[in-house]
**Student:** 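Have a look at this one before I ask anything.
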Amino acid sequence: MAISNNGKFYNYNQTSKFNMHPITEAIRIRTEQTNEMEHSSPLFLTSSFCFDNTEEMRAAFADETDDNIYSRFSNPTVQEFVDRICALEGAETGYATASGMSAVFASFMTFLKKGDHLISCNAIFGSTHTIITKYLPKYGIEYTYVPAGNPETWASAIRPNTKMIYIETPTNPGLDIIDLEFAGKLARENKIILNVDNCFATPVNQTPIKYGADIVLHSATKWIDGQGRVLGGVIVGKKELIHEIYLYCRSTGPALSPFNAWVLSKSIETLDVRMERHASNALYIAQKLENHSKVFWLKYPYLQSHPQHAIALKQMKNGGGIICFDLKGGLESGRKFLDNLKILSLTANLGDTRSIASHPASTTHAKLTEEERLAVNITPGLIRISVGLEHRDDILNDIMQTLEKC
Ligand SMILES: Cc1ncc(COP(=O)(O)O)c(C=O)c1O
């Protein structure tokens, strides 16, 4: 039994009778087998569900039963995906959304109202920055940005109306690491919701709930899908908080498509093994590039040179699949680098089997001012590599040969 997104128990298979490792649970949890006895999970591609009579339907609408009503509220295929993420994150329950951004937005809109205050780490994904600075103020929600690399200053940003602390760790794209234990303690002591975007690390590498996060969210579009096919998002955490998110989403409609949920759920079965290879490839390449003559600095959480290396070792199982480095030649070299790559893709995604190079200053973080970019270490020559599953020497050679031209 798991807890469904409406906060009640949801029935699937026999799996939970056994005490299993979260990785095993995430692979074995599944929607109940149909009479066809299929091995792979069925896909419930349906908008709504039927009832035998008005009394059953009344009871479902009155929340007296767990029956599915409509796929904007719940769907067995989507629930399987949510339950698998909950197993990995150590969460009580969750709700899946159409994209990572709808998860971020729902997590803000559910808990913040006019007059409330949000503390956010300043190093966050570009569209999250847009929500915080452009849209939340329209609803009278105030915010304060705090520096990712300087958590000692965060306590002074807390006000009586502070309702939430929002962080990403590692941050996108600067790879700052935030001490989750510290953030968890600060939030707990001040009775503030700690909301963590765990997209970069993935739940097989880092579990923020263990350190006190109240809600954890993901862009499942990235490593969780892992093959650049579908968009998706998910929010997991404490039952009473997720129930509020469920009520918000049930009415406002950012539900995940059952088809995408089916794809993402299958991907979870290989997430742990994929992330190990992404991380070992990334560490190998980071070590080879660290002292390259064209590279000003390089960051990878599992390199000793990373400023928060000790925190990364404490809370992450490996260094993840992203490396970033600053080219000495600045903006012009950044452009040349992208234009001369032979294998790596130039595309607005990360977390794929195929390695991807990006130039945040001219793309994902272009909406920030130059000053805002520099505040979060997005220099004009910053290159972000999402290290794929190709042979590590092919990825490295493409980068090395391209650097010669920069
Ligand atoms: C850290 C982080 N959070 C959220 C998102 C948004 O996710 P999506 O593109 O699925 O809406 C992204 C996208 O790159 C991201 O990198």
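Owing to the predicted nature of the structure, the values given are computational and were not obtained by experimental measurement. Both ligands and their constituent atoms are indexed starting at 1 by order of listing. All heavy atoms count here, side chains included; hydrogens, waters and symmetry mates do not.
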**Student:** Show which atoms of ligand 1 fall inside a sub-4.0 Å distance from at least one heavy-atom site of G100.
**Tutor:** 7 (O), 8 (P), 10 (O), 11 (O)

**Student:** K405: which residues meet the side chain to side chain donor-acceptor pair (under 3.5 Å) condition with it, sequence neighbours left out?
**Tutor:**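 None.
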
**Student:** I'd like to know whether ligand 1 has V104 as a neighbour, heavy-atom separation below 4.0 Å.
**Tutor:** no

**Student:** Quick one: nearest non-hydrogen protein atom to atom 1 (C) of ligand 1, plus distance?
**Tutor:** D197 OD2, 3.4 Å

**Student:** Could you walk me through whether R30 and E38 pass the salt bridge (charged side-chain N to carboxylate O under 4.0 Å, His left out) check?
**Tutor:** CA-CA 11 Å; R30 54 161 297 171; E38 69 285 345; 3.3 Å; yes

**Student:** Could you go step by step and tell me if D339 and K336 meet the salt bridge (charged side-chain N to carboxylate O under 4.0 Å, His left out) rule?
**Tutor:** CA-CA 5 Å; D339 285 339; K336 268 194 200 154; over 6 Å; no

**Student:** May I ask you to decide if K342's main-chain N or O and D398's side chain share a donor-acceptor pair within less than 3.5 Å?
**Tutor:**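 Yes, the answer is positive, given that a donor and an acceptor are paired below the 3.5 Å cut-off.
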
**Student:** Considering distance alone, does some N or O of F200 sit under 3.5 Å from an N or O of ligand 1?
**Tutor:** no

**Student:** Check for me whether K222 has a heavy atom closer than 4.0 Å to any atom of ligand 1.
**Tutor:**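 It does, in that a heavy atom of K222 comes within the 4.0 Å cut-off of ligand 1.
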
**Student:** Anything under 30° is parallel, anything over 60° is perpendicular, the rest tilted; go ahead and classify Y145 against H129.
**Tutor:** parallel

**Student:** Inspect the contact between K317 and D272 and indicate whether a charged nitrogen and a carboxylate oxygen are less than 4.0 angstrom apart.
**Tutor:**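 Salt bridge: yes.
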
**Student:** Tell me, which protein residue and heavy-atom name are nearest atom 10 (O) of ligand 1, and how many Å apart are they?
**Tutor:** T221 OG1, 2.6 Å

**Student:** Side chains of L298 and H292: does their closest heavy-atom pair fall under 4.5 Å?
**Tutor:**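 No; the side chains remain at least 4.5 Å from each other.
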
**Student:** Please confirm whether E168 comes within less than 3.5 Å of ligand 1 when only nitrogen or oxygen atoms on both sides are compared.
**Tutor:**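 No, no N or O pair falls under 3.5 Å.
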
**Student:** Tell me whether M101 has any N or O atom under 3.5 angstrom from an N or O of ligand 1.
**Tutor:** yes

**Student:** What I want to know is whether T128 and ligand 1 share at least one N or O pair that is separated by under 3.5 angstrom.
**Tutor:**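 N/O-N/O distance under 3.5 Å: no.
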
**Student:** May I ask which of T171, N172, I124, V230 has a heavy atom nearer to atom 16 (O) of ligand 1 than the others do?
**Tutor:** N172

